[in-house]
Structures are given as C-alpha cells and as structure tokens.
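Worksheet: the structure to be examined is printed underneath.
Every value quoted in this text rests on a predicted model; they were computed, and no experiment measured them. Every chain is numbered from 1 and lettered A, B, ... according to where its sequence line falls, protein lines coming before strand lines.
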Protein chains: 2
Amino acid sequence: MATDDDNVRARMARSAVVLFGERGFSATGLRDVVAHSDTPRGSIYHHFPSGKAELARAAVDRAGLDAAASVAGDDPVVALHACLEAWRATLEASDFHAGSALVAVAVEPREQTGAAEATAQAYTRWADAFTASLRAAGVRRKKAGRLATLAVAAIEGAVVLCRARRDTSALDDVGRELEAAIKATPRR
Amino acid sequence: MATDDDNVRARMARSAVVLFGERGFSATGLRDVVAHSDTPRGSIYHHFPSGKAELARAAVDRAGLDAAASVAGDDPVVALHACLEAWRATLEASDFHAGSALVAVAVEPREQTGAAEATAQAYTRWADAFTASLRAAGVRRKKAGRLATLAVAAIEGAVVLCRARRDTSALDDVGRELEAAIKATPRR
DNA sequence: GTCTATACGAAGATAGAC
DNA sequence: GTCTATCTTCGTATAGAC
C-alpha cells in the first residue's frame, strides 16, 4: 500500500507550507521540515527524489488547494470573510510568525525554487475559486475575474503587512473595503 | 568629506533593493550586492559595520521612501496609476525578475533580517503618503486610511502575482478595481 | 578605506549500510 | 524505507596587511 507513504509525504508538504510561510523558502532547511513534521529523517529524498524543488511544488500545491477551498461557496462576502478570518486566526495564534508559503516561494528565483509553474497555478486556482463565488452571486464574468484578482492580491499583501506590523489591522481594512467593493458591484 | 562615502553606501543599498526584490533576502549574498553595485569589495563592513542586517535596514528605508514618493500628489487616481505604471515598467524591463524588497524582507524572520521595524515603518510611510493623497481629494480620514491600506496591500500582492504568472494582468485588474473603489468614495 | 585570506557554520545532496 | 556519515559548496563575518 502507498497509504503510509502518502501520509509521510503529505506531512512533510504540510510542514513545508508552514515553515516556508514563517521563514521563507531559502531560510527553511530540509532538516527543519523533517523536524517539524516529525517524519523519518532519512526518507526525505525517498519521498521527494529531486529534493527541495519537488518539496516546494508539493507545498505550493497544498497551499493553493487550501486557499481555493477557503473561498468556496455561493456567497462571496461570506467566502471573503472566511478566508480573512482564517488568516487572522493563524497570524494571531503564531504571534505573527505565520505567513504565506505562496508568497515565500514566489519571491525567490524560479530556477532556485523549481516551483514557479506550481505557484502560478496555485494563484490561478485560488482566484478562480473566488471568481466562481462572485459568479454564483450574479457578478458578470470579467468583473468577477478582476474582483477576484484584487481580493487575492490584497489578502496576500495584507498578510505581509500584518506580519511586518505585528497587528491585524491591515486584514481588517482590506476586508472592509473589499466587502464594500463587492456589495457595490451590479448583479444580473 | 563624507560624500564619496555616502555614495558608495547609497549604491550598495540601492543594489540591495533590486537584488532582495529579485532573489529574496536570504538568497542574496553580500558578494552579490558588491558585484551589482560595482563598489569596493572590502568595504561593505566599513559602510555597514553590523553587516547584512544593517544593509537590509538601509535597503528597506530606501524602498519605503521611493514607494511613498511614487504615490505623492493631490490626485489619488493619478498617484495610483503612477505607482502601478512604475511597477509594470520595472517588471517588464526585468523580464519579471524584479520584485518588492519590502515583501522579500517581510517574509523572513525578524531575527534573521534585523529589519522588521524598518519594514513596518516603510509600509506605514507608503500608506500614509497615499492617505494624504486621498485626504487632499476630500476623502474622510478613516476611510482614506483603509483605502490606502487596501491599495498598498493589493499592489504588493499584485507584484507577487505578476512575477509568478509572468504577466502584468494582475496589476491591470488591481488598478482598475482600485480606481473604481476610489471614485465610488464620497467626498467632502 | 580597501584589500586578501580565512574562520566557522550550515546548506543541499549523495552513498551505502541495514 | 530509513539511517548515518560525508561530500561539496556557499554563506556571513572577522583579522590584519596596506
């Protein structure tokens, strides 16, 4: 069976999401990931044969799916606040050590992370999920796509600002203004 | 005189802004900064006695002042587009290698960069400059502050998305929706 | 002020035993 | 599958000549 296998691999990827978010890609060692995930030390190259780049791709895929899931649903205002609340809770619980693994991978050179394609796809997935929520609420297609991009960009940026300032006010501000922008949008 | 001195120091800081943006903080070596700025190799610890952290603070200060300057003026829509156009040009000219030095420093641990305070201040300076522009256009104080935070967060996030996707559409979308949000805001 | 040389630690990756 | 040991490279930082 590949079940145990996948569990170890998945736990390593999950830890990479957390640690990349907290420390950045280059500053996170494979030793850190093994320690954080409490997985067998000698097996990281078994689960990720091509090394750190492959781990980065798995982490980014995981983060993208989670982000997309966080904005699922038919009501975009509800979806928005669900996503924002999740980030607020994560930031506060970690004393503002947490951060976005997607940003962490995206700010480093493509050649170094080997996960550039995966990062682009993760952002697209996330934005598409929010676009779907806006569409379900009757927002026309192109407008929904633009609003979703604004929301994703603003949320990622707000997390960076919150970390830097050690407070959640940026998420509050972004949430309030994005909600206003969504509510001001004409529906079919 | 301290003029030559300051020039060397300033050039190193400028190069750090570029390289941190392109490669991230940890992935940028002091050797890279010296090479990029074409400054004397042996003198980095003369100009930055406490090392990389001090360089990071200088770079972040520089980036914060530049960002604030890019949104100066009495018309917030003009200021917004000036800032967006500057980023678009930088991203395209660098074939999407460029990025925000502020984000690069902000995503790494405070203890490692030694520039956390400076980063928070840089974001505050930038947001305050945009708040002033909105205030000059008659937007009431608290609303102006929230809109400015949204704009800063969305721009920083959009640069990350543009880099990841290797296209400027995120900046386009963010620009259009932020402009709409500003124009929809009641004035005194 | 600027240089070279180097100390020191940590990173990713690999080899080969079990 | 997992382990330990190790190779190799590269980072920051420092010492001390000039």
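- For the OP1/OP2 pair of dG1(C) and a distance below 4.0 Å, the side-chain nitrogens and oxygens of S43(B) include no atom meeting the criterion.
- Nucleic acid contact for T28(B): sugar-phosphate only, since backbone atoms but no base atoms lie under 4.0 Å from a heavy atom of the residue.
- F25(A) has its CZ atom 16 Å from the C1' atom of dG11(D), to the nearest Å.
- For H46(B) and dC3(C), the shortest distance from a side-chain N or O to OP1 or OP2 is not below 4.0 Å.
- A side-chain donor-acceptor contact under 3.5 Å links R163(B) to the backbone of A106(A).
- Panel note: side chain R11(B), backbone D38(B); a donor-acceptor pair is recorded below 3.5 Å.
- V18(B) and F20(B) are not part of a single hydrophobic cluster, where members link through side-chain heavy atoms under 4.5 Å apart.
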Polar-atom pairs under 3.5 Å, protein N or O versus N or O of nucleotides 7-10 of chain C: list them with distances, or write none.
none

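- Taking atom CD1 of residue I44(B) and atom P of nucleotide dT2(C), one finds them 12 Å apart after rounding to whole Å.
- With sequence neighbours left out, the side chain to side chain donor-acceptor pair (under 3.5 Å) criterion links K142(A) to no other residue.
- Atoms NZ (K52(A)) and P (dT14(C)) sit 15 Å apart, rounded to a whole Å.
- A donor-acceptor contact shorter than 3.5 Å is absent between the side chain of S133(A) and the backbone of A129(A).
- With 3.5 Å as the limit, one finds a donor-acceptor pair spanning the side chains of S26(B) and E108(B).
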